[in-house]
Amino acid sequence: MIVRVALPVPLNRLFDYAIPQGVAVPAIGARVLVKFGQRSLIGMIHSLSEQTEVPLNKLKPFEALLDQEPLVDDEQIQLGEWAASYYKYPLGDTLIHLLPNLARKEQHPFSAPDYWRLTEHADIESLPKRAVRQRALFTLIKNRQPISTSAIREAEFTSQVQKALIESEQIEPCEAPLIGAQLVNTVLPSVAGLALNAEQQRAVDQIKQSEGFSPILLVGVTGSGKTEVYLQSIEQALADGKQVLILVPEIGLTPQLVERFTARFNTNIASLHSGLTDRMRFEAWQSIRSGETRIVIGTRSAIFIPFANLGMIVIDEEHDPSFKQQEGFRYHARDLALVRAKQLDIPVIMGSATPALESLLNVQQGRFKELQLTQRAGRAAAPSFELFDTKGVELDTGLAPEIISRINDHITLGNQVLVFINRRGFAPTLTCQDCGSTVDCTRCDARMTLHRKPPKLHCHHCDRQTPIPRHCQHCGSDQLRPAGSGTERIEQRLSELFTHTSIKRVDRDSTHSRQAFESLMNEVNSGDPCILVGTQMLAKGHHFPNVTLVVIVNTDAGLFSADVRGMERTAQLIMQVAGRAGRAERPGEVVLQTHQVDHPLLNTLVTSGYLTFAEQELMSRKQAQLPPFAFQAIIRAEAKKQGWAEAHLMRLRRSLEASYPREQLPMISGPFPSFMEKRAGMFRAQLMFTGDSRTSIQGTLKAAQNWLEQDKESSRVRWNIDIDPVDSF
Ligand code: ADP
Ligand code: ZN
Ligand code: ZN
């Protein structure tokens, strides 16, 4: 008997090892330590086999079996296999993605979680008054027992606090709870939900009635109460003893969202955000695997967690591009969620105010069921839109004087204002007044962004940072001036104009930590008049009840993108930002500064709404045979010398064309130098494949993957395959 092992290496295959003398046949899904060349690697057992192609004298035994029990189950392994084959990513490395980071790095054995309950004579009053943490943990255990050590750590109690309770005989070990119906009573809503409006009620009823695999697109305008629909829809699955996964975009995983679930359900909720340590993530993973954690709110990688008993998947803001991983293993979490839901035969709810065009096409073609929420929930009304013509207007730091006076009107009334600009930093560049040249990054085909707090030039593409130069590199002039405006500059100008109003900037530079962001959100929600200036960090999910005016500073920046999805993204962003206005009693106003007041799609968007816009945009995609009416893949390559990547992709193209008759190949375009050819010192090129079905590109891409893996010169270029790319750059 030999074991086939998945290893984190860039080769699309598994590796065979013998079982050492005296070791029992290990479980599929358990980890082993193996020698790979000179290194020791942690791998995962994919399967057992009687045969191997490796000559017996070369077949090495693995070094150690790390786990007695499997860490992932068959369903997970199948999902991994499907994803590796579909996304053309090495199988071993894909399967390793099924493990939490800690289990990929540390060799200590995985063991089943241990559980705790209160002892018979436990009494919180016997704990010292000052032992605040012990008392808090006592209460947690009382409410959630039996509770695992993992869940205790997840709730951020240290082992010292736990040990103190063990020593004072307040808690004792106990049996694991049973998965399933036995847990029902612990999760039913601890408070009643809101009284639903008719549309919400209909949506909840339909979702609760759905049986088996049912993909549902919940199209609800911003503020229509989609979250409330999720909250009430998942009750059924929870009542059946199942677990629920809620996938959210990277910046959608806000404390406010988690708080709404925590307040509703009396259960352990795992929130898997990027701020977790590997250890915390592992503890969460354990308690999800064991079935103890019933509700999981996480970003894209949560789709790989082996749930004990998953009953429903919700994808919030399903259109968000952050569901697609953009490096390494380029999977799309929404698409994998559909695969997974099908595998488990469960419903999947995809919610958005601005659904992706491919999802709308899926509705048109009958693959998804559509549910609509057309009204804002509660007493809020839809905001009004206005295209404000900036042609011929002299702007003050990017803002028209009339817009500044409108901001003033709203502030005077005691309201809040949101100013959106999709550019961080002080100014997009420094320009020489004498010779007109700009300061460019030496490693990229891009300009350096000027920052004032702290002062520096920063390349947003490769992260290169330099001091601000005094003199022009080309002509030596000292007349270097900032050109254009970013969030910092607008913040500075607004604080000169509105000396008595608090100006809050929200972008990646101003809010490094989750805590900083949270406390800023709390200040805004205290309701005092203020002006928020920010990037798309402000656009998603947040609820700002006192914002009544939203100003979009440079609408035009997104209108003429070279990317097929440029207009779709712009429309989504505009609607999401606009959706922050007037979410409570006071009506909202959205003003878009533009030179393009006659732009047809922009007009459709602001007068008839996103869905009408989407219909028109879908029609023009259909005429042009572009996604979602066509399926694409991009092979990107980069190398140290200009021309290498392109030449390499050209050889690939030639080889494909020589091996297959023309009618068996999808349309191939390129290779072309990438949109920004030089980035971080590398020269980049790409080759694009377009076919009329998913399967029509799969075979060719498989052949391309094999060619790239085997070609000798591939070592001097770095390459990757991107199936269903979310942008074409
Ligand atoms: P969305 O996710 O669609 O943008 P939310 O779920 O955040 O909307 O709801 C927006 C606001 O409306 C929230 O403050 C929420 O509490 C409130 N809300 C939702 N449903 C109702 C309802 N049925 N009655 C009253 N208020 C509601
Ligand atoms: Zn100059
Ligand atoms: Zn750079």
Side-chain angles (χ1 to χ4, degrees), residues 191-204 218-233 246 248-249 252 254 256-257 259-261 263-264 314-318 349 351-355 371-383 429-449 457-466 469-481 483 525 539-546 575-585 588 676-682 684:
V191 293
L194 299 172
L196 299 178
N197 64 33
E199 286 183 326
Q200 285 176 314
Q201 188 63 53
R202 183 169 169 275
V204 170
L218 177 65
V219 185
V221 298
T222 50
S224 59
K226 289 185 290 296
T227 312
E228 187 61 34
V229 170
Y230 306 148
L231 284 163
Q232 299 199 23
S233 301
I246 295 130
V248 295
T254 59
Q256 286 162 311
L257 179 77
E259 180 48 41
R260 284 173 76 178
F261 282 83
R264 186 67 58 85
V314 174
I315 306 168
D316 190 28
E317 312 289 2
E318 63 87 35
I349 319 302
S352 177
T354 53
L371 296 172
Q372 286 211 13
L373 306 177
T374 58
Q375 306 294 323
R376 281 195 157 181
R379 271 175 293 168
T429 185
L430 267 182
T431 318
C432 172
Q433 300 296 100
D434 288 327
C435 77
S437 62
T438 55
V439 183
D440 298 339
C441 177
T442 50
R443 308 179 64 219
C444 305
D445 294 331
R447 289 171 180 169
M448 300 287 283
T449 301
L457 290 180
H458 187 180
C459 172
H460 290 176
H461 303 281
C462 71
D463 221 22
R464 181 169 173 262
Q465 305 189 19
T466 64
R470 296 256 180 83
H471 300 281
C472 170
Q473 269 185 325
H474 298 275
C475 73
S477 155
D478 59 0
Q479 298 296 306
L480 288 173
R481 296 271 180 280
N525 286 331
K540 295 193 189 153
H542 309 292
H543 192 55
F544 299 124
N546 301 304
M575 296 316 272
Q576 296 287 346
V577 179
R580 303 311 114 207
R583 286 172 70 98
E585 274 91 72
M676 185 185 296
E677 184 180 13
K678 187 170 148 206
R679 194 174 71 192
M682 301 289 272
R684 312 178 311 141

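Ligands are counted one by one from 1 in listed order, and the atoms in each one are counted from 1 as well. Note that the coordinates shown come from a computational prediction; the quantities given were computed from them, not determined experimentally.
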Using only heavy-atom distances, determine whether the side chains of [X] and [Y] contain a donor-acceptor pair under 3.5 Å.
X: His458; Y: Asp463; answer: yes
X: Ser224; Y: Gln375; answer: no
X: Arg481; Y: Gln479; answer: yes
X: Thr374; Y: Glu199; answer: yes
X: Thr438; Y: Asp440; answer: yes

Of Thr222, Leu196, Leu194, the residue with the heavy atom nearest atom 16 (O) of ligand 1 is Leu194
Note: heavy atom closest to atom 22 (C) of ligand 1, options Ser224, Ala195, Pro545, belongs to Ala195
Which segment of Thr227 sits under 4.0 Å of ligand 1 when only heavy atoms are counted: both
Ion pair check, Glu228 and Arg264, cut-off under 4.0 Å: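 The answer is yes: the pair qualifies as a salt bridge.
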Which of the numbered atoms in ligand 1 are below 4.0 angstrom from a heavy atom of Lys226? 1 (P), 2 (O), 3 (O), 4 (O), 6 (O), 8 (O)
N, O or S from Cys459 under 2.8 Å to the Zn ion (ligand 3): yes
Is the Zn ion (ligand 3) less than 2.8 Å from an N/O/S atom of His460, whether that atom is in the backbone or a side chain? no
Tell me whether Ala377 has any N or O atom under 3.5 angstrom from an N or O of ligand 1.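 Looking only at distances, the answer is no, because the N/O contact criterion of under 3.5 Å is not met.
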Measuring from the heavy atoms of Arg260, does anything fall under 4.0 Å of ligand 1? yes
What angle sits at the Zn ion (ligand 3) between SG of Cys462 and SG of Cys444, to 10°?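 It is 110°, given to the nearest 10°.
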